[in-house]
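A quick write-up on the structure given underneath.
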Amino acid sequence: MGDEASNGSEATVKERCWDQREALPGEPVCIICGRYGEYICDETDDDVCSLECKQTLLNKLSKSRKTENLPPAVRLPVNDECYYVRDGDDISVTQNLTSNQIASLRSKIEIRVKGEFVPPPILSFSSCSLPEKLQQNLETAGYEVPTPVQMQAIPAALTGKNLLVSADTGSGKTASFLVPVVSFCTRLRHANSSKQKKPAAMVLAPTRELCVQVEEQAKLLGKGLPFKTALVVGGDAMAGQIYRIQQGVELIVGTPGRLIDLLTKHHIELDEVSIFVLDEVDCMLQRGFRDQVMQIFQALSQPQILMYSATISPEVEKMASSMAKDLLYVSVGKPNTPIGSVKQIVIWVESKQKKQKLFEILMSQQHFKPPVVVFVDSRLGADLLSEAITIKTGTKALSIHGDKPMKERRESLKQFLMGEISVIVATGVLGRGIDLLKVRQVIVFDMPNSIKEYIHQIGRASRLGEEGIAIALINEENKNIFPELVEILKSSRAAVPRELANSRYSMVSKTFGKRQNKRKYDF
Ligand SMILES: Nc1ncnc2c1ncn2[C@@H]1O[C@H](COP(=O)(O)OP(=O)(O)OP(=O)(O)O)[C@@H](O)[C@H]1O
């Protein structure tokens, strides 16, 4: 199988993918990384660019199908040689970026990488040789050029590396894992289309709303390809989810709780999952989710792991490294800080006056910029406040939180996104990842008890760097995060309220960073 070397001479095989040049238009391209597909792998007839990518391809295939089912003739030793296709002697060398050029490109777009064998960033989606239809789907979605995080995370993921990616809220992290997922699944199905389809990829996210959003985006990118998805979240009928998975899907998007239900009841088999994505990874690896995530991870057979968040602490980095060997860390922009395009307005308001202050904002022509998300810290608070807003301001408001049935949550979010209501009062279910395209104003009515949740919440006010406004109401009750809040406001050049600046809790000492790692503030 495969083509013999055209001139009989054996070329020196490229060891690593980025030793290989970019493919010229019309040339074969590597199934893994998209560079010039100089060789054909005998087992799959796929084009590969190097021994490294051949190895990645064979590893993925050997994971995604049980070798004992393969007839001996096909069960090739992993050191199987590939046949080489040379396009004669006129191989032109494309402008390969030198390592200095790659370094300066990364610094220009504020990409920092940590790890070995990092492929260069891509400047366009067409240079990572995606399935044609996926390319078209990206264009249809309006994704003309990759965002900075996509420029680096997509080529790195396509080489099969384990990734830990940190990038601002609203910077395009979702597509930076979905594009490699759709590309891999499509190629896998093309390689063995007859095979019974067990899930080949899985995305875990902390909220049902975020899973719905990720699955919808995956469907858009996988349209017209052998790529089916299943949404596995609580609140939806389990039977329908099981049926859909058993019909054969490529991607499962779900919350850990429901997935564990299906796994422990043996309704699904995850042994062929080759790519495992943790979106909002800091949330997924904190207490409450971590054990469930690890239980699911243990059911997998050493997949490629892709982990993403806008806030990744050293502890999360350490946990991530324990899950994935040779982890490649990609950080874009200023990690763990609010996106610069969100103007932060922090107002000191005593608890008893907060409602009145909120009503004033919502009734002010100057300050009310609908559609607005109001974040609160309790489910009951969300219901009561949305009713109070509707009565007091005459502006219809709805609430959304974990106690509401999934159907009602979907309906409220739909009405909000369609502009039928202009205020939604939410707990953390809308705090992370949710892409509220038209929202340009967020009001943090109850400050969350961690500054990273604050960063995610105000990140709803700006997508892809659009200007947005975040108004936060604070008082003494939020003193546990005052030092970090003052740091964040100062570094974002936002005004620090006089009460906060004068508050003894905000004396941000030079050793703040050191003390923070040692112990909690004991006020
Ligand atoms: N390459 C692109 N070109 C144009 N728009 C894009 C591109 N990539 C993503 N987008 C759009 O940018 C918005 C934000 O993307 P996304 O939700 O993936 O951000 P994120 O980094 O995951 O945010 P968060 O940290 O809040 O989860 C979405 O509306 C998405 O459709």
Side-chain angles (χ1 to χ4, degrees), residues 11-39 47-57 86-87 89-130 134-135 138-139 143-168 171-173 175-177 179-180 183 304 306 308 312 326-335 340 464-465:
T12 319
V13 183
K14 300 281 189 309
E15 280 282 336
R16 298 173 299 188
C17 77
W18 72 95
D19 286 338
Q20 182 56 269
R21 63 180 175 79
E22 285 290 340
L24 292 173
E27 281 187 330
V29 289
C30 174
I31 181 178
I32 297 291
C33 74
R35 302 176 84 81
Y36 172 38
E38 194 174 351
Y39 318 110
D47 301 311
V48 287
C49 75
S50 60
L51 283 177
E52 183 194 16
C53 283
K54 182 259 306 178
Q55 185 63 56
T56 305
L57 174 64
R86 291 183 65 94
D87 54 2
D89 300 327
D90 61 344
I91 284 186
S92 61
V93 179
T94 48
Q95 64 288 358
N96 267 344
L97 293 175
T98 63
S99 48
N100 289 341
Q101 288 168 321
I102 292 170
S104 71
L105 172 61
R106 285 193 178 121
S107 67
K108 273 200 192 73
I109 43 183
E110 286 193 304
I111 291 178
R112 284 169 302 286
V113 294
K114 198 165 67 181
E116 299 206 324
F117 311 141
V118 187
I122 55 170
L123 299 175
S124 83
F125 290 113
S126 58
S127 64
C128 44
S129 179
L130 303 168
L134 172 54
Q135 190 80 45
L138 282 164
E139 284 154 23
Y143 292 13
E144 299 299 321
V145 290
T147 62
V149 64
Q150 293 163 2
M151 292 165 79
Q152 184 60 75
I154 290 177
L158 286 171
T159 59
K161 291 193 174 300
N162 294 320
L163 299 187
L164 178 62
V165 180
S166 159
D168 285 341
S171 58
K173 292 189 288 300
S176 64
F177 61 77
V179 166
S183 178
Q304 176 185 7
L306 306 176
Y308 292 74
I312 292 181
D326 306 331
L327 186 65
L328 170 55
Y329 188 20
V330 175
S331 164
V332 182
K334 295 179 188 56
L464 273 196

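- Taken to the nearest 0.5 Å, the CD1 atom of Ile102 stands 12.0 Å off from the OG atom of Ser107.
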Between Asp47 and Glu38, is the side-chain contact (heavy atoms from CB on, under 4.5 Å) condition met? List the steps. CA-CA 7 Å; Asp47 301 311; Glu38 194 174 351; over 6 Å; no
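- Between Val113 and Tyr329, the closest side-chain pair of non-hydrogen atoms is not below 4.5 Å.
- By the 4.5 Å heavy-atom criterion applied to side chains, Asp326 and Asn162 are not counted as neighbours.
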Given side-chain contact (heavy atoms from CB on, under 4.5 Å), test Val118 with Thr159 step by step and report yes or no. CA-CA 9 Å; Val118 187; Thr159 59; over 6 Å; no
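- Counting heavy atoms from C-beta on, the side chains of Arg112 and Val330 never come closer than 4.5 Å.
- Nearest heavy-atom pair across Ile122 and Pro146 is O-CG, 4.2 Å.
- Counting heavy atoms from C-beta outward, Leu134 and Ser183 have side chains that approach closer than 4.5 Å.
- Side-chain contact between Val48 and Leu57: present, with at least one pair of heavy atoms (C-beta onward) separated by less than 4.5 Å.
- How far OH of Tyr308 is from OG of Ser166: 12.0 Å, rounded to the nearest 0.5 Å.
- Contacts of Thr56 classified as side chain to side chain donor-acceptor pair (under 3.5 Å), with partners at least two apart in sequence or in another chain: none.
- Between Asp168 and Val332 there is no side-chain heavy-atom pair separated by less than 4.5 Å.
- The minimum heavy-atom distance linking Phe125 with Leu130 is given by the pair O-CD1, 3.9 Å.
- Across all non-hydrogen atoms, the minimal contact from Lys161 to Pro119 is CE-CD, 4.4 Å.
- Note that the OH atom of Tyr36 and the NZ atom of Lys14 stand 8.5 Å from one another [nearest 0.5 Å].
- Nearest heavy atom pair, residue Cys49 against residue Cys53, reads SG-SG, 3.8 Å.
- Atom CZ of Phe177 is separated from atom CD of Gln150 by 11.0 Å, given to the nearest 0.5 angstrom.
- Shown here for Pro120 and Pro155, the closest heavy-atom pair between the two residues is O-CG, 3.6 Å.
- Met151 CE to Cys128 SG: the interatomic distance, rounded to the nearest 0.5 Å, is 11.0 Å.
- Annotation: side chain to side chain donor-acceptor pair (under 3.5 Å) contacts of Ser104 (sequence neighbours excluded): none.
- Closest approach of Pro148 to Ile109, counting heavy atoms only: CB-O, 4.0 Å.
- To the nearest 0.5 Å, atoms CG (Leu163) and CD1 (Ile154) are separated by 11.0 Å.
- With sequence neighbours excluded, the residues that form a salt bridge (Lys or Arg N to Asp or Glu O under 4.0 Å) with Glu110 are Lys334.
- A side-chain donor-acceptor contact under 3.5 Å links Thr147 to the backbone of Ser171.
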